[in-house]
Amino acid sequence: MAGLLSYLVPVLFLQRKTRCVIIFSSCLILLTNYKKQEVRKMKKAIVLSSGGVDSTTCISVAVKELGADNVCTASIFYGQKHVKELDAARKVAEWFHVKHYEFDLSSILQYSNCALLAGSSEEIKHESYEDQVKESETGRVSTYVPFRNGLMLSVAASLAASLYEDEEVDIYIGAHADDAAGNAYADCSEPFLKAMEDAISIGTYGKVHLVFPFADKNKAGVVKTGLALGTPYELTWSCYEGGEKPCGTCGTCRDRAAAFEANGVKDPALD
């Protein structure tokens, strides 16, 4: 109140016309700031959800920032050998009370021989990503799905522009530094993500933007963030095999185990 009086008292001694201009300008500034706050408050988010650790942590981050009412998730079936991760994604969405969308891109990737795909002649390698990178001339691992993140981000961008035509929307992706290390997954690298951010923004008239909060973190850092936010890791699935229990020896199982161990926590999905 004292601050308001210190502003109004000098104004009262000004001529009427000048007072009106000042009051009108002040109201305009207040209205503009209010509208900006409303825009920020109403921003929407679509989180690409695989049902795994990284994307589920992304949901935690988005819900904390924007509230569950402004967040939805999207999962992609691309011809995987099993659908356990898609089942996990549905359970995760239900836990967060967010709307969930699913899309089928399997017809596009039916020509790939990636080891993750049902039609592949390749077996999933049960060794660390580090060892796989060393064995590869390009760094690419056998579970790299051709341009998968590019496809999924394109779907999410189109979905965002369709659902929220006149609103600001953030697309969250859980790619992290370990994924990009050694060029194992080129479409998880920061240069790739920044290029997709530019493309999505231009292609949606500046309305849709890409958020990749873990690009500079390793998986242990992702888990640390998720634990602080109470992320339901017990609902997630990461293993490349579709058994009753995670195999514990494929590349993603090894990375997941190391991430929880680095945080001094037992992986709740193993209980």
Working to the nearest 0.5 Å, report the span between CD of E65 and OG of S60.
11.5 Å
I need the L153 CG to F192 CZ distance, nearest 0.5 Å.
6.0 Å
Between R90 and D87, is there a salt bridge with N-O shorter than 4.0 Å?
yes
Check for a donor-acceptor pair, side chain of T231 on one end and backbone N or O of L227 on the other, with a separation under 3.5 Å.
no
For residues L105 and M196: do they belong to one hydrophobic cluster (side chain heavy atoms under 4.5 Å, members Ile, Leu, Val, Met, Phe, Trp, Tyr)?
yes
Determine whether E135 and K125 satisfy the following criterion, salt bridge (charged side-chain N to carboxylate O under 4.0 Å, His left out), listing intermediate values before the conclusion.
CA-CA 12 Å; E135 295 168 3; K125 292 186 177 181; 3.6 Å; yes
Decide whether L86 and I108 are clustered together by the hydrophobic rule: side chain heavy atoms of Ile, Leu, Val, Met, Phe, Trp, Tyr closer than 4.5 Å, transitively.
no
Any chance CD of E234 has more than 12 other-residue heavy atoms, nucleotides or ligands included, within less than 6.0 Å?
yes
Can you find a pair of side-chain heavy atoms, one from C253 and one from Y240, that are under 4.5 Å apart?
no
Student check: side-chain heavy atoms of K217 and K224 closer than 4.5 Å:
no
Is there a donor in the side chain of H100 and an acceptor in the side chain of E94, or the other way round, less than 3.5 Å apart?
no
When you measure from the side chain of Y144 to the backbone N and O of F147, does any donor-acceptor pair fall under 3.5 Å?
yes
Strictly distance-based, threshold 3.5 Å: is any side-chain N or O of D178 a donor or acceptor partner for the main-chain N or O of K219?
yes
Could you go through F260 and Y233, starting from their C-alpha distance and side-chain angles, then the distance that decides it, and tell me whether this counts as ring pair (Phe, Tyr, Trp, His ring centres under 6.0 Å)?
CA-CA 10 Å; F260 278 98; Y233 289 131; 5.3 Å; yes
Side chains of E167 and K43, heavy atoms from C-beta outward: is any pair under 4.5 Å?
no
Minimal heavy-atom distance between A262 and A220, with the atoms involved, is CB-CB, 3.8 Å
Shortest non-hydrogen contact between S120 and E122, atoms and distance
OG-N, 2.9 Å
Tell me, do S136 and V141 make a side-chain contact under 4.5 Å, heavy atoms counted?
no
Is there a donor-acceptor pair under 3.5 Å between the side chain of S154 and the backbone N or O of G150?
yes
Here the gap from C250 atom SG to Q132 atom CD, rounded to the nearest 0.5 Å, amounts to 9.5 Å
For a side chain to side chain contact (heavy atoms under 4.5 Å, CB included) check, start with the C-alpha distance between Y101 and S75, then their side-chain angles and the critical distance, and finish with the verdict.
CA-CA 6 Å; Y101 298 88; S75 294; over 6 Å; no
Shortest non-hydrogen contact from I124 toward A115:
CG1-O, 3.6 Å
Could you tell me whether the side chain of S201 and the main chain of E197 form a donor-acceptor pair under 3.5 Å?
no
Start with the C-alpha distance between S106 and Y78, add both sets of side-chain angles, then the distance that settles side chain to side chain contact (heavy atoms under 4.5 Å, CB included), and finish with yes or no.
CA-CA 4 Å; S106 58; Y78 51 87; 5.7 Å; no
Just verifying a value: how many Å separate S238 OG and D54 CG, rounded to the nearest 0.5 Å?
7.0 Å
Quick one about N183 and T138 (side-chain donor to acceptor, distance below 3.5 Å, no hydrogens or angles considered), yes or no?
no
Check: I76 and L151 side chains under 4.5 Å, non-hydrogen atoms
no
Nearest 0.5 Å please: distance from the CG atom of L116 over to the OG atom of S142.
7.5 Å
Do D131 and S128 pair up side chain to side chain, a donor and an acceptor below 3.5 Å, judged on atom types alone?
yes
For residues T143 and Y185, is any side-chain donor paired with an opposing acceptor at under 3.5 Å?
yes
Any donor-acceptor pair under 3.5 Å from D187 side chain to N149 backbone:
yes
Is D267 salt-bridged to R256, cutoff N-O under 4.0 Å?
yes
Are Y164 and I200 joined in one hydrophobic group, where the rule is that I, L, V, M, F, W and Y side chains link up if heavy atoms are under 4.5 Å apart?
yes
Any Lys/Arg nitrogen of E130 or K134 sitting under 4.0 Å from an Asp/Glu carboxylate oxygen of the other?
yes
Taking atom CD of E165 as the centre, does the number of heavy atoms from other residues, nucleotides or ligands within less than 6.0 Å exceed 12?
no
Walk me through it: do E241 and K81 pass the test side chain to side chain contact (heavy atoms under 4.5 Å, CB included)?
CA-CA 8 Å; E241 303 286 1; K81 288 180 175 176; over 6 Å; no
Looking only at heavy atoms, what is the nearest atom pair of F214 and T57, with distance?
CZ-CG2, 3.6 Å
Decide if atom NZ of K207 counts as having more than 12 heavy atoms of other residues, nucleotides or ligands within a radius under 6.0 Å.
yes
Would I59 and W237 show up in the same hydrophobic cluster when neighbours are defined by side-chain heavy atoms closer than 4.5 Å?
no
What closest approach, in Å, do D216 and A177 show between heavy atoms, and which atom pair accounts for it?
C-CB, 4.3 Å
Between K44 and N70, does any side-chain donor sit less than 3.5 Å from a side-chain acceptor?
yes
With a 4.5 Å cut-off on side-chain heavy atoms, are T56 and P232 touching?
yes
4.5 Å side-chain heavy-atom contact, C239 and C247:
yes
What is the minimum heavy-atom distance between A184 and V133, and which atoms define it?
CB-CG2, 3.9 Å
Any non-hydrogen side-chain atom of S162 less than 4.5 Å from a side-chain atom of L159?
no
If hydrophobic clusters are built from ILVMFWY residues whose side chains come within less than 4.5 Å, do Y172 and W95 share one?
yes
So, the side chain of T225 versus the backbone of G221: is there a donor-acceptor pair under 3.5 Å, distance only?
yes
Can you find a side-chain donor-acceptor pair between T73 and S49 that sits under 3.5 Å?
no
Looking only at atom types and distance, does a side-chain atom of R254 sit under 3.5 Å from a main-chain N or O of T249, one as donor and one as acceptor?
yes
Criterion side chain to side chain contact (heavy atoms under 4.5 Å, CB included) on N113 and S121, from CA distance to verdict
CA-CA 7 Å; N113 199 36; S121 61; 3.1 Å; yes
Which of I46, V61, V63 passes side chain to side chain contact (heavy atoms under 4.5 Å, CB included) with V71? Answer is V63
In Å and rounded to the nearest 0.5 Å, what is the SG to CD1 distance from C188 to I173?
6.5 Å
